[in-house]
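A quick write-up on the structure given underneath.
Numbers restart at 1 for each chain; the letters A, B, ... are given by sequence-line order, proteins then strands.
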Protein chains: 2
Amino acid sequence: MKEWEKDCPILLTQRLISGKWKLSIIWFLAQNNVMRFGELKNAFDDSLLTQKMLTQHLKDLERDHLVNRQVYNEMPPKVEYSLTPTGKSFIPVLEHMEKWGQHYMHIHTDEA
Amino acid sequence: MKEWEKDCPILLTQRLISGKWKLSIIWFLAQNNVMRFGELKNAFDDSLLTQKMLTQHLKDLERDHLVNRQVYNEMPPKVEYSLTPTGKSFIPVLEHMEKWGQHYMHIHTDEA
DNA sequence: CTGCATCCGGAACGATACTG
DNA sequence: CAGTATCGTTCCGGATGCAG
């Protein structure tokens, strides 16, 4: 991308997780190991995630080697998603971010 | 925001760093401790960061208690930015993300 | 030097309908 | 069940010009 991206893998990381729901998707996959498309969709039940965005983000994540997509040629269709080794290696970072988020919330309880 | 944001401080974290250059700003401030507006702008010299975005991101970061903004009522104007304790507490997360980014680049050398 | 205001183009996001 | 296609909207980011 940019000249200084080589010096800032952070930007790469940021790019990979750019997308409103990607972190949540990884988060759910980290907890449940393997999830079908519908399961993933239901996990977001009370939110506004649409099938389109879920599909799109899953495609991105697959292209970025963070999730596996296992298709079963059956009827009815069945597609399972799981984290790749690379995706799993991101879990600690995710947990770190979560811990920091909790820390932040604990300090700045007044606002969102 | 959403019901499940309380269970996912990650989303809070993601929100705080949403913005194309915020991570880089924090990164520079982490390295240099205190930087003036112009210094910060020059640090991004070879990139496309405009003053508007820099100002806007700095305002966001200030509102989110991640950076301090120290104004000197002088002529010419002088404004210094530095990380707050909360901002500094984010540095390890940043480093974690950077290490993972390097790890990722090492494995997937072929693509961006 | 630092920062704000305005306009604008494109990307991201969202709702709905349709397909194998 | 697991998507694709289309359309509309919102929002982010960029260029320029102005102000204290």
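- Atom CD in A:Gln51 sits roughly 15 Å away from atom C1' in C:dG20 (whole-Å rounding).
- Between A:Gln14 atom CD and D:dC12 atom P there is a gap of 14 Å when expressed in whole angstrom units.
- If you check D:dA15, C:dG14, C:dC1 against the side chain of B:Pro76, the one that comes closest is C:dC1.
- Of the candidates D:dC1, C:dG3, D:dT6, the closest approach to any side-chain atom of B:Thr55 belongs to C:dG3.
- Put simply, CG on A:Leu48 is 18 Å from P on D:dT9, counting in whole angstrom units.
- Proximity note for B:Pro77 (side chain, C-beta onward) versus D:dC1, D:dT6, C:dT2: the nearest is C:dT2.
- Phosphate proximity of C:dC1 to B:Lys41: absent, as no side-chain N or O sits under 4.0 Å from OP1 or OP2.
- Rounded to whole Å, atom C1' of C:dA12 lies 16 Å from atom CD1 of A:Ile17.
- Residue order along DNA chain C, read from the 5' end via each residue's closest nucleotide, puts A:Met53 first among A:Met53 and A:Met75.
- Between B:His65 and A:Tyr104, the ring-plane angle classifies as tilted under the 30° and 60° cut-offs.
- Residue B:Arg36 has a polar side-chain atom (N or O) positioned under 4.0 Å from OP1 or OP2 of C:dT2.
- Listed pair B:His57 / D:dC12 fails the phosphate criterion, with no side-chain N or O lying under 4.0 Å from OP1 or OP2.
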Let me see the working for A:Thr13 and B:Glu98 under side chain to side chain contact (heavy atoms under 4.5 Å, CB included), right down to the final yes or no.
CA-CA 7 Å; A:Thr13 304; B:Glu98 201 213 8; over 6 Å; no
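- Between A:Arg69 and D:dG3 there is a side-chain N or O to OP1 or OP2 distance below 4.0 Å.
- Where A:Lys52 and A:Lys78 meet DNA chain D, the nucleotide closest to each residue was compared, and A:Lys78 sits on the side nearer the 5' end.
- Atom pair A:Gln70:CD and D:dA2:C1' shows a separation of 15 Å (rounding to whole Å applied).
- In this structure, A:Lys20 reaches the C:dG14 phosphate: one of its side-chain N or O atoms is under 4.0 Å from OP1 or OP2.
- Rounding to whole angstrom units, CG of residue B:Leu58 and C1' of D:dG13 are separated by 15 Å.
- Not one side-chain nitrogen or oxygen of A:Tyr81 sits closer than 4.0 Å to the OP1 or OP2 atom of D:dC1.
- Here B:Trp21 does not reach the OP1 or OP2 of D:dC12: none of its side-chain N or O atoms lies under 4.0 Å away.
- Put simply, CD on B:Glu74 is 13 Å from P on C:dG3, counting in whole angstrom units.
- The side chain of A:Phe37 has D:dA2 as its nearest neighbour among D:dA2, C:dG14, C:dC4.
- Within 6.0 Å of atom NZ in A:Lys99, 12 or fewer heavy atoms from other residues, nucleotides or ligands are found, so the atom counts as exposed in its surroundings.
- Put simply, CD on A:Gln56 is 8 Å from C1' on C:dC13, counting in whole angstrom units.
- To the nearest 0.5 angstrom, A:Ile17 atom CD1 is 5.5 Å from B:Ile17 atom CD1.
- Applying the ring pair (Phe, Tyr, Trp, His ring centres under 6.0 Å) test to every pair with at least one member in residues 69-95 of chain B, sequence neighbours left out, gives these pairs: A:Trp100-B:Phe90.
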One pair to check against side chain to side chain contact (heavy atoms under 4.5 Å, CB included): B:Leu58 and B:Arg69. What are the steps and the verdict?
CA-CA 9 Å; B:Leu58 284 171; B:Arg69 184 166 178 271; over 6 Å; no
